Amino acid sequence: MNEQDWIVVGAGSAGCMVACQLARATGTVRNRVTVIEPAGEPAPLINRERPARWLHLLGSSEDWNLTTEKSHRLANRSLRWPRGRGLGGSSRINAMIWFPPTQMDLEMLVAASGGQWTLPELQADFREVTELTRPEHPAWLSESSHRFLKATAQWSDASPMAYARLNRDGRRWNPADLLTAGRQNGSIQIRRGMVDRMIWKDDRIIGVETLDKHGVNSIHARKGVILCAGSIATPAILMRSGIGPRNQLNKLGINLRHDTDLVGNNLRDHLIMPVIFQVKSGRFPTRSSTRNIAQWQTMGSGPLASNLAECGGLFQNNTIQIHVTPTHYLTHPRQAEHAFMTIGVSSTQPQSTGQIQLTASDARAPLRIDARYLEEPDDLNTTIKGIELARRLVQDTSLSQWIVSESIPGKRRDTSRDMEKAIARYSQTLYHPACTCPLGSESDSIITPNFSIRGAEQGWVADASILPRLTHGNPNATVMLLAYSAAKRIINASL
Ligand SMILES: Cc1cc2nc3c(=O)[nH]c(=O)nc-3n(C[C@H](O)[C@H](O)[C@H](O)COP(=O)(O)OP(=O)(O)OC[C@H]3O[C@@H](n4cnc5c(N)ncnc54)[C@H](O)[C@@H]3O)c2cc1C
């Protein structure tokens, strides 16, 4: 038997932050933290380092390669749902955009905590998070971004910006760096394995069972277990540990510990609809030239330092987020003879909720992911408004001089019915699934404002799954904020 103070399950954005903070906590003796992350093959270094190659990481050995159920609202398509695997989790393969929580996001968190958290406290925590992660302002922007930012600078009711990125000198930065000091001084240990379920002793969580190539292992922790396996795997681990909807667990023969519909349901994701324009100049290189490589290697700049989703912002009373890319971008930038710019539009606060379900009690069985995009009419209407906004942005600003034509959906597709069909055919995940075991202060909420799992002493959750609602922009910064705040509270609870 192998025993430590804490076990952190999953070394993604949240897990790295939680483990780093737990290991740094001072006391008379050093805390010992074991981080459990499944083993995996790293993708080629060139794809991991160069921001412009991040799309090559999707579908690679660093991706869990999940897929959703087919959706009739998406022309019967099933979407690929990339999720990062390996130290750094989804931050290992993501688009690196650092979008600080908005005032509304912070207020949403304060409200969910029932007032147990305060705005100043969250703001102070976020300053600490930013010091640890040190997001970078982009050293290079494409012509599309320059033109977009200039054209929309005075646009009312909008906050256009070049997105800050989790980069160091124009190279991808991985939050696994937060583990380095702890690994060096022995307070953090990495174990390779996939957590199947938590181990109970009466009402207390005392460890986890993992699966690796040698079979099942039990790992115990004196002070408890923090789940940071992300918004898909965390609810699955909870359900396999007996916390979830009674019917589902009974059907699979899982011993029920806590009947709650709040685990696995309430799944939300941002959907992005690309509005693609052919433009007169600024073709983005889809192949690296010697000059571009040299520019990136020596200065961390140039097209290879681009994360493709370079700029955008919140528009129309924060209801729509825009991402601008300098390419013809549906799922991957298409190699093209001409120059293109894509304005991706998303509803920031989708109301439709989906589900994560177990298909078996075995941790190796695939999960059933039903995202249920656009089930709520409001989500479709806001996406249609997004297409109309993208069109106005190019017609009513200096961009109009530079646009050749609209390629997708195509200018002729201008009735609501046409746009609905285009959305069904072309929209994609923006890779932000969350809210699958939302935190709340009500007596029936499963995750409390102290991040603890109700009814499971010494069990906590601190990743994207506990978001009560989606953030308005990209969620990673807020997830890391939550993880930081969780570690603080967990340390305090253990004193
Ligand atoms: C392709 C892509 C692009 C994105 N782009 C952006 C962006 O530009 N900006 C932004 O703000 N957000 C972006 N996101 C979203 C952001 O990366 C996530 O919201 C964030 O990483 C969530 O953090 P997390 O810790 O909850 O989960 P993750 O970072 O996904 O970490 C979960 C970890 O748990 C591990 N794990 C899973 N199952 C188990 C198990 N059974 N046992 C042990 N470990 C397990 C996983 O391997 C992983 O390392 C993107 C996401 C993706 C996938």
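Computation of the quantities below employed the complete heavy-atom set of this structure, encompassing side-chain atoms and omitting hydrogens, waters and symmetry-equivalent molecules. For ligands, and for the atoms within them, numbers begin at 1 and follow the listed sequence. None of these values were measured; they are calculated from a predicted model. Numbering of residues begins at 1 and proceeds along the displayed sequence.
- Taking only nitrogen or oxygen atoms, main chain and side chain alike, A14 reaches within less than 3.5 Å of ligand 1.
- Near V9, with a cut-off below 4.0 Å to any heavy atom, the atoms of ligand 1 are 42 (N), 43 (C).
- In summary, the atoms of ligand 1 found under 4.0 Å from a heavy atom of G84, numbered by their order in the structure, are 46 (C), 47 (O), 48 (C), 49 (O).
- Taking every heavy atom of I36 and a limit of under 4.0 angstrom, the matching atoms of ligand 1 come to 43 (C), 44 (N).
- Residue-to-ligand polar distances place E37 within reach of ligand 1: an N/O pair is separated by less than 3.5 Å.
- For the pair S90 and ligand 1, the shortest N or O to N or O distance falls below 3.5 Å.
- Of all atoms in ligand 1, listed by their number and element, those nearer than 4.0 Å to a heavy atom of G230 are 26 (O), 27 (O), 32 (C).
- The R85 neighbourhood of ligand 1 comprises atoms 47 (O), with distances under 4.0 Å to a heavy atom of that residue.
- The shortest separation from a heavy atom of G86 to ligand 1 is under 4.0 Å, placing the residue in contact.
- N476 and S91 are linked by a side-chain donor-acceptor pair at a separation below 3.5 angstrom, with hydrogens and angles left out of the test.
- Taking CD1 of I237 as the start and CD of E209 as the end, the distance is 12.0 Å to the nearest 0.5 Å.
- Checking only distances, S13 does come within under 3.5 Å of ligand 1, N or O to N or O.
- Note that the CD1 atom of I447 and the OG1 atom of T260 stand 9.0 Å from one another [nearest 0.5 Å].
- R168 CZ: more than 12 foreign heavy atoms inside a 6.0 Å radius.
- Geometrically, ligand 1 and A464 share a nitrogen or oxygen pair separated by less than 3.5 Å.
- Comparing heavy-atom distances from atom 45 (C) of ligand 1 across P100, P433, P38 singles out P38 as nearest.
- We find the CD-OH distance between Q428 and Y329 to be 9.0 Å, quoted to the nearest 0.5 Å.
- Ligand 1 has a nitrogen or oxygen under 3.5 angstrom from a nitrogen or oxygen of N476.
- Around the CZ atom of R24, the shell of radius 6.0 Å holds no more than 12 heavy atoms that belong to other residues, nucleotides or ligands.
- The residues D196 and R240 are annotated as salt-bridged, a charged nitrogen and a carboxylate oxygen being separated by less than 4.0 angstrom.
- Nearest-residue assignment for atom 42 (N) of ligand 1 (options V195, L482, I93; heavy-atom criterion): V195.
- Below 4.0 Å from some heavy atom of P82 lie the following atoms of ligand 1, by number and element: 53 (C).
- Side-chain atoms of S60 and D63 include no donor-acceptor pair closer than 3.5 Å.
- Shortest contact from atom 39 (C) of ligand 1 to any protein heavy atom: A229 CB, 3.9 Å.
- Put simply, part of W64 is less than 4.0 Å from ligand 1, judged by heavy atoms.
- In N307, neither the side chain nor the backbone holds a heavy atom less than 4.0 Å from any atom of ligand 1.
- At a cut-off of 3.5 Å, with distance as the only test, no side-chain donor of S441 or Q116 sits close to an acceptor on the other residue.
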For this session: With side-chain hydrogen bond (donor to acceptor under 3.5 Å, both in side chains) as the test, would you mind laying out the steps for E41 and S61 before giving the verdict?
Result: CA-CA 6 Å; E41 278 294 303; S61 53; over 6 Å; no
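- The residue among I97, L166, L87 with a heavy atom at the shortest distance from atom 8 (O) of ligand 1 is I97.
- Below 3.5 Å of separation, one finds an N or O of A95 facing an N or O of ligand 1.
- Residue, atom and distance of the protein heavy atom nearest to atom 19 (O) of ligand 1 are P475 CG, 3.6 Å.
- For atom 17 (O) of ligand 1, the closest non-hydrogen atom of the protein is N94 ND2, 3.1 Å.
- Atoms CG and CG, from L87 and N174 in turn, are 7.5 Å apart once rounded to the nearest 0.5 Å.
- In this structure, OG1 on T68 lies 11.5 Å from CZ on R80, to the nearest 0.5 angstrom.
- Side-chain N/O atoms of D379 and S347 include no donor and acceptor closer than 3.5 Å.
- In terms of protein heavy atoms, atom 51 (C) of ligand 1 is closest to Y431 O, 3.3 Å.
- The single protein non-hydrogen atom nearest to atom 31 (O) of ligand 1 is G12 CA, 3.2 Å, given as residue, atom name and distance.
- For C228, every heavy-atom contact with ligand 1 shorter than 4.0 Å involves the backbone, none the side chain.
- Checking A477, A233, G88 against atom 38 (N) of ligand 1, the nearest heavy atom belongs to A233.
- At least one side-chain heavy atom of E310 sits under 4.5 Å from a side-chain heavy atom of W140.
- One finds the OG atom of S231 at 9.0 Å from the CD1 atom of I369 (value rounded to the nearest 0.5 Å).
- No close placement of the F126 and W117 rings is indicated, their centers lying 6.0 Å or farther apart.
- Q189 and R32 are not linked by any side-chain donor-acceptor pair at a separation below 3.5 angstrom, with hydrogens and angles left out of the test.
- Heavy-atom proximity to M96, at under 4.0 Å, picks out these atoms of ligand 1: 7 (C), 8 (O).
- Not one N or O of G193 is nearer than 3.5 Å to an N or O of ligand 1, by distance alone.
- Applying the 4.0 Å criterion to heavy atoms of N474 picks out, from ligand 1, the atoms 9 (N), 10 (C), 11 (O).
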